[in-house]
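Residue indices begin at 1 and follow the sequence shown. Values in this document were obtained by computation on a predicted structure and should not be read as measured data.
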Amino acid sequence: MEQRMATELVYLEDTYKFTYKAQVEYLANDERGQYCILDQTIFYPQGGGQPSDTGFFEAKGVQMPISFVTFVEGEVRHYGDFSETLLEKGEEVLLFVDEDRRITNAKAHTSGHLLADVVESLGKGVIAFKGYHFPDGSYVEFQGNIPPEESESFISEVNNRLREILSSGGNIQASLVMLEDLKALCSNIRTNLPPDKPMRVVTMGAFQPTPCGGTHLKSLSELKEIAVTKIKRLKGNTKISYRFA
């Protein structure tokens, strides 16, 4: 069986890379529809609580809309309409990511991470473990509960802290680290992280780095607002909804 090469994930290097060139590996179909595999991509595949990029390919003077991108069995599948042109292995295609959608999704993801950092820093004993960073209905879920009688003051404290951080700004950095190095940098480490290969971590300002494969802004100054809108208790966990701009 022919060994397939993994697609290089160029979006990890630069959130603001909206156009790129790639070569076709092959086309195929599954239950979702027709998809294309590339040797490299700037399209973010849906996952990690973040929606996929959309946009289009261009080849032979034809634009091919890309409606959804996801990982399946280790492959990055770009779903779209390729009926108007025959793409062949090795053929060069131009990639165009929807800029507005990419930046909106990056704002949502960055906002969720900063919210998690702020909440954990307040010493309430809650730890973030899940995020939904879609623009509609964004939230972060935490292990542990905020007592109902403290909800109002807690929301006020978190929002005040978020305003302070955004007003002073701060860089957002992505880097590769080994698990042992991450343990020295972080107080809360997930148990399912790979011990023998570098992992990408994202650092918001002065907070501890967090493992993440999503797209993020370069600076907190690109956000005008992050605010908690609601707290909900779910069987020992706390779901904190937020808005951003």
Side-chain angles (χ1 to χ4, degrees), residues 8-20 40-55 66 69-71 76 95-122 128-142 158-177 182 185-186 188 190 198-229 240-245:
E8 181 184 353
L9 308 178
V10 180
Y11 62 83
L12 290 176
E13 302 169 6
D14 187 358
T15 292
Y16 303 82
K17 192 179 290 294
F18 304 118
T19 61
Y20 208 63
Q40 51 190 342
T41 188
I42 55 172
F43 282 79
Y44 179 80
Q46 184 162 306
Q50 179 178 331
S52 84
D53 284 322
T54 59
I66 302 301
V69 186
T70 190
F71 278 112
V76 181
L95 314 181
F96 297 86
V97 163
D98 183 317
E99 296 185 26
D100 289 341
R101 179 181 172 93
R102 160 66 66 83
I103 294 302
T104 297
N105 291 342
K107 285 183 175 182
H109 206 151
T110 296
S111 297
H113 271 249
L114 185 60
L115 170 63
D117 286 338
V118 167
V119 169
E120 290 183 358
S121 74
L122 295 179
F129 72 94
K130 177 182 178 182
Y132 181 82
H133 309 301
F134 284 59
D136 183 17
S138 306
Y139 68 83
V140 179
E141 195 165 341
F142 298 79
V158 171
N159 286 342
N160 286 337
R161 184 72 182 116
L162 287 168
R163 280 192 293 270
E164 290 173 3
I165 292 171
L166 294 186
S167 67
S168 58
N171 292 331
I172 300 167
Q173 297 181 327
S175 57
L176 294 175
V177 301
L182 185 61
L185 296 170
C186 298
N188 298 309
R190 297 204 307 263
M199 71 191 80
R200 182 176 183 259
V201 296
V202 174
T203 305
M204 305 276 169
F207 288 103
Q208 296 180 351
T210 303
C212 183
T215 59
H216 288 277
L217 303 173
K218 289 181 180 178
S219 170
L220 294 174
S221 63
E222 295 176 63
L223 286 163
K224 297 178 182 178
E225 178 193 38
I226 310 171
V228 173
T229 58
I240 301 181
S241 300
Y242 65 93
R243 68 172 184 265
F244 65 93

Query raised in the report: Which residues satisfy the side-chain hydrogen bond (donor to acceptor under 3.5 Å, both in side chains) test with H133, sequence neighbours excluded?
Result: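 H133: side-chain hydrogen bond (donor to acceptor under 3.5 Å, both in side chains) contacts with Y242.
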
Report task. List in chain and number order the residues that pass side-chain hydrogen bond (donor to acceptor under 3.5 Å, both in side chains) with E225, two or more places apart in sequence or in another chain; answer none if no residue qualifies. Result ->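 If we apply the side-chain hydrogen bond (donor to acceptor under 3.5 Å, both in side chains) test to E225, skipping adjacent residues, the hits are R243.
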
Check: [Y] and [X] side chains under 4.5 Å, non-hydrogen atoms:
{"X": "L166", "Y": "L114", "result": "yes"}
{"X": "E141", "Y": "F129", "result": "yes"}
{"X": "F142", "Y": "I240", "result": "yes"}
{"X": "K218", "Y": "I172", "result": "no"}
{"X": "H109", "Y": "T215", "result": "no"}
{"X": "P45", "Y": "Y11", "result": "yes"}
{"X": "I165", "Y": "V118", "result": "yes"}

On a heavy-atom basis, which atom in [X] and which in [Y] lie closest, and how many Å separate them?
{"X": "S221", "Y": "S219", "result": "OG-OG, 2.7 Å"}
{"X": "S111", "Y": "L223", "result": "OG-CD2, 3.5 Å"}
{"X": "V202", "Y": "C212", "result": "CG2-CB, 4.0 Å"}
{"X": "F134", "Y": "P51", "result": "CE2-CB, 3.5 Å"}

Taking atom [atom1] of [X] and atom [atom2] of [Y], what is their separation to the nearest 0.5 Å?
{"X": "S52", "Y": "N105", "atom1": "OG", "atom2": "CG", "value": "8.0 Å"}
{"X": "Q46", "Y": "T54", "atom1": "CD", "atom2": "OG1", "value": "11.0 Å"}
{"X": "M199", "Y": "T210", "atom1": "CE", "atom2": "OG1", "value": "12.0 Å"}
{"X": "T110", "Y": "E222", "atom1": "OG1", "atom2": "CD", "value": "8.0 Å"}

Please confirm whether the backbone N or O of [Y] pairs with a side-chain atom of [X], one donor and one acceptor, at under 3.5 Å?
{"X": "T15", "Y": "H216", "answer": "yes"}
{"X": "T104", "Y": "R101", "answer": "no"}
{"X": "E120", "Y": "A128", "answer": "yes"}
{"X": "D53", "Y": "Y44", "answer": "yes"}

Query raised in the report: Can you name the side-chain contact (heavy atoms from CB on, under 4.5 Å) partners of S175, sequence neighbours left out?
Result: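 Scan of S175 (side-chain contact (heavy atoms from CB on, under 4.5 Å), adjacent residues dropped) gives V177, V201.
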
Query raised in the report: What is the ring orientation for F18 with Y16, classed by angle as parallel under 30°, tilted 30 to 60°, or perpendicular over 60°?
Result: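 Perpendicular: the ring planes of F18 and Y16 meet at over 60°.
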
Requested in this report: Name all residues meeting the ring pair (Phe, Tyr, Trp, His ring centres under 6.0 Å) criterion together with F244; count only those two or more places apart in sequence or in a different chain, and write none if there are none.
Outcome: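 Applying ring pair (Phe, Tyr, Trp, His ring centres under 6.0 Å) to F244 gives none.
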
**Report entry** Listed partners of F96 passing ring pair (Phe, Tyr, Trp, His ring centres under 6.0 Å), at least two apart
**Finding:**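 Counting only residues at least two positions away or on another chain, F96 forms a ring pair (Phe, Tyr, Trp, His ring centres under 6.0 Å) with F56.
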
Query raised in the report: For Y20, which of I42, T41, V97 qualifies under side chain to side chain contact (heavy atoms under 4.5 Å, CB included)?
Result: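 Result: among I42, T41, V97, I42 is the only option passing the side chain to side chain contact (heavy atoms under 4.5 Å, CB included) with Y20.
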
Query - Within residues 158-172 or reaching into it, pairs that qualify as salt bridge (Lys or Arg N to Asp or Glu O under 4.0 Å) - sequence neighbours excluded - result: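 Qualifying pairs, neighbours excluded: R161-E164.
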
Requested in this report: Apply the test side-chain contact (heavy atoms from CB on, under 4.5 Å) to residues E13 and E8: give CA-CA distance (whole Å), side-chain angles for both, the deciding distance (0.1 Å), then the verdict.
Outcome: CA-CA 10 Å; E13 302 169 6; E8 181 184 353; 3.5 Å; yes

